[in-house]
Number of protein chains: 2
Amino acid sequence: MNFQKRKQKILEQLDRTGEVDIKELATELDISEITARRDLNQLANDGLLYRTHGGAMKVDPLAKPKDFANKAAQNAGVKDDICRKAAEHITDGDIIFMDCGSTVFRLCQFIKHKKIKVITNSLPVIYELQNCSVSINIIGGEFNNERQATHGKIANEHIARYHAGKAFLGVDGISARGLFANSELEAEITSMYISQSAYTYVLCDDSKVGKETYLKFADINQVEAVITNADDGKLAGFKDTALTILQVG
Amino acid sequence: MNFQKRKQKILEQLDRTGEVDIKELATELDISEITARRDLNQLANDGLLYRTHGGAMKVDPLAKPKDFANKAAQNAGVKDDICRKAAEHITDGDIIFMDCGSTVFRLCQFIKHKKIKVITNSLPVIYELQNCSVSINIIGGEFNNERQATHGKIANEHIARYHAGKAFLGVDGISARGLFANSELEAEITSMYISQSAYTYVLCDDSKVGKETYLKFADINQVEAVITNADDGKLAGFKDTALTILQVG
DNA sequence: CTACATTTGATCAAATATAATCAAAATTGA
DNA sequence: TCAATTTTGATTATATTTGATCAAATGTAG
């Protein structure tokens, strides 16, 4: 029983009962109390639970804005797994880009407590990260109501003025041949994110893996890592690429 | 039963019945009276309830600290009058700037149905105008949580790239000698709005008229009109200026 | 106002949880 | 395989939480 596995079980029970107890946890997971404590502390540090004396409680479920929440809720379990993994790669002091997809949006909950700078064109992300330790830089430009984000020439130029250590991006399709998008606007801004960040993570669930849709906008070697729940079979195509693959679930 | 959990239960009961009693609390939560007292004291200290002898009462929900909505609600009647008048000057096809003050925010309700472009640095304005006939251009840059808006160098440069027919701005003070602001950030972005618009309306209630506070950032002849509820006496100082004065109320 | 009951805060003691330190065990990478 | 690193657990010291007692403050009734 390693840390990752315990983490899952703890979060699972927390989700079910709303609370956990150090002593019970130690018994159930067959670990010492101090290890249980260490686990809880780490999870609390990642903002995934509230630490209490002798245990922990579920973190407040927050009211999600508008219908975006519904779309974001589709496949939420998998997306959360992906984002939890992504959050492990974000540390205090980081400057990161976040794009406007529903997957990337779910990353917010895991980074709220971190002392980082987020540059984003996504209104839901902005909304979610106000009033917390994250400092926000809004990408200006024409606002697209459907995507709840800014896009276009001015937005692209805005991004071009910044550099970030990491970018966390969603795509509509990814294969060994490159990254694919369903719209030009989306493709352009994603390209810009990639070019202005030192290290790019692509976040996508298995439905996007192997999919080559509409518009190819980047080669696979332009991004550094993909975080996904796809299985080895689906990922076999990436064998010959330099891509770092982070599997979850 | 730890403090966090008791806190939940206490606040829950408070919300239901409006009050709690030390003795009952001690029995129900199976804690000593002194612990119940300590809990109530701490919650009172956090402003979550009113401490009374022998128990506690629900705190007045209207007395919550100033979030933007409340601030915007202060003096709402007057501000609405001012904004209603301002809206009369906005017609389909207009491109307008709106700044991030609480007065200008109330203009939103009167322009929702209009077919115009709004360029703004105010997050509340953006929220208010989504999903309606107004097309939005967001001014990018670093987000200031207190003001719920973007400010700074990049924001100013963003504005510099656009021109609008009209600007609707709030100020912290206005007199025949010029416009005044309580912060440099605010002053700079307002100056930029003025210089990039053909016609500038200043929206302010009578408390701002004649007030010369902190930082003067523009001469009075740089703006074209002021919309206010101030009376003739307060406005007498503007007699010798070219300013168009639109009185309401 | 006085007398009485109740509530309260302070102090202390006991129980419990936590952090710190260090050693053992497991994992990792050559 | 061995050495280095990480993870885990035992021990001890520290901190927190809780409850009991009691004097002081507050509220109530006459």
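In what follows, chains are A, B, ... by sequence order, proteins preceding strands, each numbered from 1.
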Starting at atom [atom1] of [X], determine the distance to atom [atom2] of [N], rounded to an integer number of angstrom.
X: A/Glu33; N: D/dT12; atom1: CD; atom2: P; value: 16 Å
X: B/Asp30; N: D/dT18; atom1: CG; atom2: P; value: 12 Å
X: A/Gln42; N: C/dA19; atom1: CD; atom2: P; value: 14 Å
X: B/Lys7; N: D/dT18; atom1: NZ; atom2: P; value: 14 Å
X: A/Leu29; N: D/dT7; atom1: CG; atom2: P; value: 17 Å
X: A/Phe3; N: D/dG9; atom1: CZ; atom2: C1'; value: 16 Å
X: B/Ile31; N: C/dT16; atom1: CD1; atom2: P; value: 17 Å
X: B/Asn2; N: D/dT18; atom1: CG; atom2: P; value: 8 Å

### Query
When you match A/Gly55 and B/Asp21 each to their closest nucleotide on DNA chain C, which lands nearer the 5' end?
B/Asp21
### Query
Relative to the 5' end of DNA chain C, which residue comes earlier, A/Ile22 or A/Arg38, by the nucleotide with the nearest heavy atom?
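Between the two, 5'-proximity favours A/Ile22.
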Do [X] and [Y] get their side chains close enough for a donor-acceptor pair, meaning under 3.5 Å?
X: A/Glu188; Y: A/Asn156; result: yes
X: A/Thr200; Y: A/Lys166; result: no
X: B/Asn131; Y: A/Asn145; result: yes

All N/O contacts under 3.5 Å from nucleotides 25-30 of chain D to the protein, with atom names and distances to one decimal?
from: D/dT26; atom 1: O3'; to: B/His53; atom 2: NE2; distance (Å): 3.1

### B/Lys58 bridged to B/Glu19 by N-O distance under 4.0 Å
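Looking at B/Glu19 together with B/Lys58, the answer is no, because their closest N to O distance does not fall below 4.0 Å.
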### Query
Would a line drawn from the ring center of B/Phe3 to the ring center of A/His53 be shorter than 6.0 Å?
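Aromatic pair excluded; centres sit 6.0 Å or further apart.
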Closer than 4.0 Å, any side-chain N/O of [X] to the OP1 or OP2 of [N]?
X: A/Lys23; N: C/dA17; result: yes
X: B/Asn41; N: C/dG9; result: yes
X: B/Arg51; N: C/dT7; result: no
X: B/Ser32; N: D/dT18; result: no

Could you tell me whether a side-chain N or O of [X] sits under 3.5 Å from a main-chain N or O of [Y], the two making a donor and an acceptor?
X: B/Thr120; Y: B/Val125; result: no
X: B/Asn2; Y: B/Lys5; result: yes
X: B/Asp21; Y: B/Gly55; result: no

### Task
Please name the residue in the list A/Ile194, A/Leu243, A/Val226 that meets the side-chain contact (heavy atoms from CB on, under 4.5 Å) test with A/Val202.
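Answer after filtering A/Ile194, A/Leu243, A/Val226: A/Val226.
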Could you pull out the protein-nucleic contacts involving nucleotides 21-24 of chain D (nitrogen or oxygen on both sides, under 3.5 Å)?
none

